[in-house]
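The structure is given below, and queries will be raised subsequently.
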Number of protein chains: 4
Amino acid sequence: MKDKRPKYKKIIEAAVMVIAEKGYHAAQVSKIAKQAGVADGTIYLYFKNKDDILISLFREKMGMHIEKIRKCLEGKKTASEKLYTLVENHFSQLNKDRQYAIVTQLELRQTNRELRQRINLVLKEYLNLIDEIVEYGVRTGEFREDLDFRLARQMIFGTIDEIATTWVMNDQKYDLVSLVSSVHELLIDGFRKRDALSSDHP
Amino acid sequence: MKDKRPKYKKIIEAAVMVIAEKGYHAAQVSKIAKQAGVADGTIYLYFKNKDDILISLFREKMGMHIEKIRKCLEGKKTASEKLYTLVENHFSQLNKDRQYAIVTQLELRQTNRELRQRINLVLKEYLNLIDEIVEYGVRTGEFREDLDFRLARQMIFGTIDEIATTWVMNDQKYDLVSLVSSVHELLIDGFRKRDALSSDHP
Amino acid sequence: MKDKRPKYKKIIEAAVMVIAEKGYHAAQVSKIAKQAGVADGTIYLYFKNKDDILISLFREKMGMHIEKIRKCLEGKKTASEKLYTLVENHFSQLNKDRQYAIVTQLELRQTNRELRQRINLVLKEYLNLIDEIVEYGVRTGEFREDLDFRLARQMIFGTIDEIATTWVMNDQKYDLVSLVSSVHELLIDGFRKRDALSSDHP
Amino acid sequence: MKDKRPKYKKIIEAAVMVIAEKGYHAAQVSKIAKQAGVADGTIYLYFKNKDDILISLFREKMGMHIEKIRKCLEGKKTASEKLYTLVENHFSQLNKDRQYAIVTQLELRQTNRELRQRINLVLKEYLNLIDEIVEYGVRTGEFREDLDFRLARQMIFGTIDEIATTWVMNDQKYDLVSLVSSVHELLIDGFRKRDALSSDHP
DNA sequence: AATGAATGAGTCTTCATTCAT
DNA sequence: CATGAATGAAGACTCATTCAT
C-alpha cells in the first residue's frame, strides 16, 4: 500500500509550484497538468474546478500543519509555551516551504468573495487552535481573566499573518524563524497577568 | 473653487459603490462609467486603466484618512494616546463608510502581485505613521527601548487589519468602534515598560 | 434461448431512457452505461460509437415496427385500409412508448448531416413500405393512375411526422390515436379517383 | 439613410453562408465573424450568443418571407389560389436561396429542445398564415365545413416541409418549383367539398 | 473634453473514446 | 467478455481598452 492517490498528490504539488511561480490567475490548468505529468482532463477527476484545486491544496496543507502543531503542543505545560510553539511552527513551515508561503500569503487572497468564504472555513480550524491556547491560558490563570478571546485570537493571527506576508513580499530575504522569540514576547505581554512577568519560553 | 475635477470624483465614488457591491473583478468599467454618469471612454481620460481606478481610489481615501489622523494626533501627548487615536480613527472610518470598508478589506486584496506592490506603496505612508508613534513612545521612554519597530508596527497593523477584515466578513454586524479600548489595551501592554503599568487612554 | 445479447438490449433501452430525459447531446455515454448497469467501456464492445447507439436503437425499433405493420397489412384488401393500418400503427406505437417518441421525433433530428444520412437509410425501408401501399392503390385502380409516388409518400410521411412532432412538443397531452381516422381521410381524399373535379389554380 | 444596421445584416448573411457550408455545430463564431468582416466580440454586440444568431437569422428571413407572401395573397380570391401561392412562395424562396434552404431544412433542426421551442415561436406566425388560408376556405364554403384546422395545417406544412427537406438532402438536384402544381393538387383534394364519397376504413 | 462602437486576446472544462488489467 | 481510469482536443464568450468623431 504505497502512495495512496498518487495523482491527487502530484497535482497538488504541481499546483503549488505553478501558482507560486505565475500567480493564481496566470496559472493555467493545462500548465498545472503538464507539471504534474497528467492530462488536463485528469485534473477534473480529482478536483471539481480550478478553484477547488486551490481550496484542496490549502485544506491538505493546513490539515497537516494543524496535526503537526497539535502533536508539538501536547508536551507543553504553559499557555506561553504553547503560543511559542504555535508561532514557531507557523513561521518554520513557511520558512521551509517557500513556494507554499507565496501561495498562502499572496495567491490565496486573490480570490473572489465566495472562494474566500470557503478558504475561511478551512482557516477556522486553525483559529480554533489559537482559541484553545488562549482559553487554556485564562483557565490556568496565566492570562488575564478578562481577556477577550476573539480579540486575542485576532491579535495573534493578525500579527503573525502580517509578519509572514511582509516577509513574502520582501522576497523572503530574511530568516522568518529568527523572529519567533520577539513576536512571542510582544504577544504574550498583552495577555499576561499584570503582577507576574517573566520570560519563560525555551 | 469647489467641484474641482467633478468627473474624477464622481468616478471614484461610483467605483467604490460598484466594487463594493459586485467585487473588483465583476465590477466592469462600463458599469462604473454608467454609475458615474459618464461614457466608458471618459474613464480613460482620468485613469490609466482599471487598476489605476482602484489605486487612485485607495490613495485618495487613504490620503484624507492620514491627514485627518495627523490632525487628531497633534493634540495628544503620550504614545498611548496617539495609538488610541489611530485605532479609533481607523475603526471609525471603516464603521462610517461601509462600502469603502468592503473595498479596502476584501477587494483591494484580490489583485495580482504587481498591483499589490503599488497598493503597498500607498499603504506605506500609513505604516510610517504607525512607526512614528512607536518611535515616539520609545523616545519618550513610554515604550521599552528594545522594542523592535518593525515588529511593533506589524503587530499594530496586523491586529487592526485582521479585526476589520473579520468584521467585514461577518457582514459588519457589530459596532467596530466599541472594540477600540480593548484593542488599544491589548496592543499597548506588549509595548510598555515592564515596571509601570496603568491605563491611561481617554 | 431467450435473452440473446442481454447487454446489447439493456444498453439500447437505457439509451432510450437517458436520451429521452436529457436530450441526445446531454446524454453522456457514461450515464447510459450507468443506467444500463455496465461499464463505460462495455458500450464500445457492442457499439462503434455514440452515434452508433442512436442509429442502432432506431434500426432496432424501426425494424420491429415495420415487421409488425407488415403483419397487420397482410389481412387488408384495399389501399385505403392499408394506409389506415399504417397510420394507426405509427401513432399507436408512439402513443405507447412515450420515451421512444421523444427520441424519434426530437432527438434523432439533432444530429449532424452525416448521421442524418445514415438515419435516412434506416428510414428508407419505412418509406418503401409507404410506397408499396401507394403503388398498390394505383395498381388496383383505387388511386388515380397519374399519382406521383414520391409526392404521395412525402405527403403521407410529412403529415404524420409533423403531427407526431407537434404532439411530442406539446408534451403528448392528447391522445394521438384518436386522430387516425381524420388523418387517414384527409390523406386518402387527395389520392382517390375523382369523378369530376376542376383544376382551378392559375 | 442607407443601410440601417449594416453590421447586423452582414453577420446574418455571413452566418447563413458558414452554417450552410459547415453545419451549425462546426460553424465557429470566429469563422462567422471573419466571414462578416468584423471582430469576434462585435457579434456579441448584436447577438446574445451563438444560438441567438440562428434564431435571429430565422426570424429575420421568416419575417420577410411572410411579408412577401401576405402581399401575394392579397390579390387572390379563392382559398385554392391562396394555398397555391403559399406553396409556390415557399418552394421558390428555398429554390432561390440554396444556402438558406440548407440552414432552414437541416441545420435549424440540429438544436436542443430549448432552442427548438424558440424556433417554433418564430414558425408559429407562418403556421398562423396557413391557418388563415384554411379558415378562409371553410368560411367561403370552398373547403369542407368539418375540416379540422389543425390537422389541415399540419398536413400542409408537414408535406411541403418533408418535400423541401428531401430536396435538400438530395443535394437540391431538381427544380423544387416544378412540384408546386402537383403538391397543391394533392393537398387541395383532401380539403374540398365532396359530392359523395364513402368512408371505407374499418 | 467627451463619446461609445468596435476590438480581439485568452482559457476552463467536457466527454467520447481507449487500453492495460 | 468486462472494466473504468486516463486521455486531450476544441471553442464560445467577456470585457478592458482604443480611437474616429
Side-chain angles (χ1 to χ4, degrees), chain A residues 5-8 10-11 25-34 36-53, chain B residues 5-8 11 24-34 36-54, chain C residues 5-8 11 22 24-34 36-54, chain D residues 5-8 10-11 22 25-34 36-53:
Chain A
R5 305 231 281 167
K7 297 244 162 76
Y8 179 84
K10 259 188 196 164
I11 293 166
H25 288 297
Q28 293 119 310
V29 173
S30 61
K31 287 226 180 77
I32 296 175
K34 177 174 270 182
V38 301
D40 291 18
T42 304
I43 299 222
Y44 291 88
L45 295 177
Y46 296 94
F47 304 92
K48 230 174 46 233
N49 50 38
K50 191 182 169 185
D51 281 357
D52 194 38
I53 303 177
Chain B
R5 305 229 284 166
K7 297 236 165 101
Y8 177 84
I11 293 166
Y24 181 63
H25 287 297
Q28 295 113 311
V29 173
S30 62
K31 283 223 182 82
I32 296 174
K34 176 174 269 185
V38 302
D40 293 16
T42 305
I43 298 230
Y44 290 86
L45 297 175
Y46 295 94
F47 303 91
K48 222 170 59 230
N49 52 35
K50 189 182 171 183
D51 283 354
D52 193 39
I53 303 177
L54 196 63
Chain C
R5 305 228 284 168
K7 297 231 165 107
Y8 178 84
I11 294 166
K22 305 266 187 185
Y24 181 64
H25 287 299
Q28 294 113 312
V29 172
S30 62
K31 284 224 182 81
I32 296 174
K34 178 175 267 182
V38 301
D40 292 17
T42 304
I43 297 228
Y44 291 87
L45 297 175
Y46 295 94
F47 302 93
K48 222 169 61 229
N49 52 37
K50 189 182 171 184
D51 283 355
D52 193 38
I53 304 176
L54 197 63
Chain D
R5 303 232 284 167
K7 296 243 162 78
Y8 178 83
K10 259 188 195 163
I11 293 166
K22 304 265 188 186
H25 288 297
Q28 293 119 309
V29 173
S30 61
K31 287 226 178 77
I32 295 174
K34 177 174 272 183
V38 302
D40 291 17
T42 304
I43 299 224
Y44 292 87
L45 295 177
Y46 294 95
F47 303 92
K48 229 173 48 232
N49 50 39
K50 192 183 168 185
D51 281 356
D52 194 38
I53 303 176

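Note that the coordinates shown come from a computational prediction; the quantities given were computed from them, not determined experimentally. Within every chain, numbering begins at 1; the chains are lettered A, B, ... in the order of the sequence lines, protein sequences first and strands thereafter.
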Can you measure from OH (B/Y8) to CD1 (B/I53) and round to the nearest 0.5 angstrom?
-> 10.0 Å
If you pin D/G37 and B/G37 to their nearest nucleotides in DNA chain E, which one's is more 5'?
-> B/G37
Just jot down the salt bridge (charged side-chain N to carboxylate O under 4.0 Å, His left out) partners of A/D51, sequence neighbours excluded, or say none.
-> none
Which heavy atom of D/I11 sits nearest a heavy atom of D/A36, and at what distance?
-> CA-CB, 3.9 Å
Shorter than 3.5 Å, N or O on both sides, protein versus nucleotides 10-14 of chain F: list them out with atom names.
unit_1: F/dG11; atom_1: OP2; unit_2: D/Q28; atom_2: NE2; d: 3.3
unit_1: F/dA12; atom_1: OP1; unit_2: D/K50; atom_2: NZ; d: 3.4
unit_1: F/dA12; atom_1: OP2; unit_2: D/V29; atom_2: N; d: 2.9
unit_1: F/dC13; atom_1: OP2; unit_2: D/Y44; atom_2: OH; d: 3.0
unit_1: F/dC13; atom_1: OP2; unit_2: D/K50; atom_2: N; d: 3.0

Given the options D/V29, D/N49, D/D52, D/I43 meets side chain to side chain contact (heavy atoms under 4.5 Å, CB included) only with D/V29
In terms of the nearest nucleotide of DNA chain F, which residue is placed more toward the 5' end: C/A39 or A/T42?
-> C/A39
Using whole Å, report how far NZ of C/K7 lies from C1' of F/dC1.
-> 7 Å
Residues in side chain to side chain donor-acceptor pair (under 3.5 Å) with A/K31, at least two apart?
-> A/Q28
By ring pair (Phe, Tyr, Trp, His ring centres under 6.0 Å), which residues pair with D/Y46, not counting sequence neighbours?
-> none
Can you name the closest pair of heavy atoms from B/D40 and B/S30 and give their distance?
-> OD2-CB, 3.3 Å
At the 4.0 Å heavy-atom cut-off to chain A, mark where contacts on DNA chain E begin and end, going 5' to 3'.
-> E/dT11 to E/dT14
State, to 0.1 Å, how close B/H25 and B/K50 come at their nearest heavy-atom pair, and which atoms those are.
-> O-NZ, 3.6 Å
Taking five pairs at each terminus, the helix from E/dA2-F/dT21 to E/dT21-F/dA2 shows an axis bend, to 10°, of 10°
At under 4.0 Å between heavy atoms, what does C/F47 touch on the DNA or RNA strands: base, sugar-phosphate, or nothing?
-> nothing
